[in-house]
Amino acid sequence: MIDLTKFRDPKLIKKVVIDLQKWDKPTKIMEVCGSHTMAIGHWGIRKLLPKNISLISGPGCPVCVTPSSLIDELLKLENVTIATFGDVLRVPGKDETLEHARARGLDVRIVYSPLEALELSKEKETIFVGIGFETTIPGIAQTILMAKQQKLHNFSVFPAFKLVPPALEALLSTEDIKLDGFLLPGHVSVIIGSESYMLLPEKYGIGGVVAGFEPLDILTAIKIITEQIKHNKPAIVNEYNRVVNVVGNKSAQKVINTVLKTEDALWRGIGWIPNSGLGIRDEFKEFDASKKYNITLKEEEGNSGCKCADVLKGIIIPPECPLFEKGCNPAHPIGPCMVSSEGSCAAYYKYER
Amino acid sequence: MCLAIPAKIVEKDGEKGIVDLGGVNKEIMFTFTPEAKIGDWVLMHTGFALNIISEEDANETLKLFEEMALLEDD
Ligand code: SF4
């Protein structure tokens with residue numbers, strides 16, 4: 001097995017850090033993926049960097065970008081088991097979370113794998129809440145394929161799938177934010193391959209590194225980005241080649257393409273992004289919960305004071321939200337960025353206070 | 001949520017199998033990694049093996065770390 005201690009070698013870490021400390025250009029790097037946000041907090045990476053390098057969190061937590069109207073719609077369902085990943089339970093809807101609703105009797109089950117939802121449907125009508133990025137999507141698509149093969153009638157999936165590259169493009173197309181580089185998501189890239197990000201340097205002149213989650217993975221990635229800036233050569237580099245390759249996992253892509261098709265998607269706090277999600281193909285429409293229960297999503301209304309929208313776009317960091325720690329904390333999240341342990345606000349709350 | 005964890009394959013029968021996840025056995029599907037063999041390490045996520053972890057490439061990354069650490073900024 002791979003010796004992970006080598007990815008945490010203090011001597012090498014020190015060397016890279018000393019070197020990075022010499023970097024004096026103001027540099028904004030976005031870590032797209034919530035697991036990177038967690039790893040950066042966990043390893044204390046921010047404290048190792050010079051003040052002029054800022055790491056800002058992007059929209060890479062699938063739970064955080066799930067619209068509250070989806071929760072509101074799910075709460076209306078009757079006589080059906082709602083199966084979902086654990087984090088989703090605490091996402092605030094307009095008035096209630098799935099967790100609260102479960103306490104008053106709604107049949108909500110936490111599953112680790114979509115395959116468990118398939119089993120649940122053999123007892124009772126079951127809807128699986130399909131939240132996830134490219135990492136999670138193939139497993140859910142395969143589950144739909146299996147439901148069809150097994151001729152199941154009591155199973156459906158709500159497709160709340162999101163795609164990372166179109167969201168990055170949408171971010172770069174707004175004038176709100178200037179970025180100098182991306183820490184690209186490791187496990188999303190296992191499926192889509194490092195070539196999926198070529199547009200970033202080619203069209204926007206910004207480089208990025210597909211990185212793993214160990215301290216040397218992240219620090220080396222940052223170092224590579226500073227080198228790219230220094231030589232004015234933005235490019236996509238794959239630092240995480242122990243699991244990520246250029247073209248991604250073709251078998252997984254095939255299952256996705258068989259079952260799902262590209263659609264516009266609603267991102268909480270950001271709005272509709274063209275072609276940034278996946279819907280279920282007509283051939284599998286009997287498993288499409290959006291059709292079966294006639295669920296449509298709509299944009300946020302009202303104002304809770306939550307600044308997740310700005311956090312997800314990297315415009316502010318969580319402590320700049322007036323509610324951070326003051327009314328909003330992981331036990332009582334006001335916005336979705338505080339819900340999932342991978343949300344930027346939750347990660348800041350845990351590690352950076 | 002996209003976190004995937006390394007697990008070692010201990011049993012494999014077609015598309016299904018068992019992995020050792022830090023001492024705990026878990027069922028896994030090899031739909032996306034049909035070429036995986038017993039003894040391989042895979043990256044596991046929501047019950048599926050997303051890819052085989054390459055030891056060779058991991059060693060290359062370690063070399064990259066050394067190179068990058070030695071690369072002086074001037
Ligand atoms: S601290 Fe809470 S209210 Fe403020 S942006 Fe984060 S989740 Fe929203």
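Bear in mind the structure is a predicted one, so any value in this text is a computation, not a measurement.
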Student: Heavy atoms only, distances under 4.5 angstrom: which of A:P114, A:G212, A:S251 has the most pairs with chain B? Name it, please.
Tutor: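 Of A:P114, A:G212, A:S251, A:S251 has the most heavy-atom pairs under 4.5 Å with chain B.
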
Student: For B:F32 and A:Q142, work out which heavy atoms get closest and say how close.
Tutor: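 Heavy-atom minimum between the residues: CZ-CB, 4.0 Å.
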
Student: Taking the side chain from A:S113 and the backbone from B:T46, do they hold a donor-acceptor pair closer than 3.5 Å?
Tutor: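 Looks like yes, one N/O pair under 3.5 Å.
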
Student: Grab the two heavy atoms, one from B:M44 and one from A:Y112, that are nearest each other, plus how far apart they are.
Tutor: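 Answer, listing the atom of B:M44 first, then A:Y112: CE-OH, 3.3 Å.
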
Student: What distance separates B:T31 OG1 from A:N249 CG, expressed to the nearest 0.5 Å?
Tutor: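 If I round to the nearest 0.5 Å, the distance is 10.0 Å.
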
Student: If you compare all heavy atoms of B:N51 against all heavy atoms of A:V243, which two are closest, and at what distance to 0.1 Å?
Tutor: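 Closest approach of B:N51 to A:V243: ND2-O, 2.8 Å.
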
Student: Heavy-atom pairs under 4.5 Å with chain B are the metric here; pick the option from A:I18, A:L219, A:T220, A:V16 that has the most.
Tutor: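 Max contact count across the listed options: A:T220.
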
Student: Name the region of B:E15, side chain, backbone, both or neither, that has any atom closer than 4.5 Å to a heavy atom of chain A.
Tutor: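 Only the side chain of B:E15 comes within 4.5 Å of chain A.
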
Student: I need the B:I5 CD1 to A:H187 NE2 distance, nearest 0.5 Å.
Tutor: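 Answer rounded to 0.5 Å: 9.5 Å.
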
Student: Side-chain contact, heavy-atom cut-off 4.5 Å: B:L50 with A:T135?
Tutor: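 Yes, side chains in contact.
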
Student: Name the region of A:D9, side chain, backbone, both or neither, that has any atom closer than 4.5 Å to a heavy atom of chain B.
Tutor: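 Contact with chain B: none, neither part.
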
Student: Report, as yes or no, whether the 6.0 Å neighbourhood of atom NZ on A:K148 holds more than 12 heavy atoms from other residues, nucleotides or ligands.
Tutor: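 Count over threshold, so yes.
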
Student: Considering only heavy atoms, which portion of A:I191 lies under 4.5 Å from any heavy atom of chain B: side chain, backbone, both, or neither?
Tutor: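 For A:I191, the side chain is the part near chain B, not the backbone.
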
Student: Does B:K12 have more than 12 heavy atoms from other residues, nucleotides or ligands lying within 6.0 Å of its NZ?
Tutor: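 Counting neighbours around NZ of B:K12, more than 12 heavy atoms of other residues, nucleotides or ligands fall under 6.0 Å, so yes.
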
Student: So, applying side chain to side chain contact (heavy atoms under 4.5 Å, CB included) with B:F48, which one of A:T136, A:V255, A:T143 is it?
Tutor: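 Result for side chain to side chain contact (heavy atoms under 4.5 Å, CB included) with B:F48: A:T143.
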
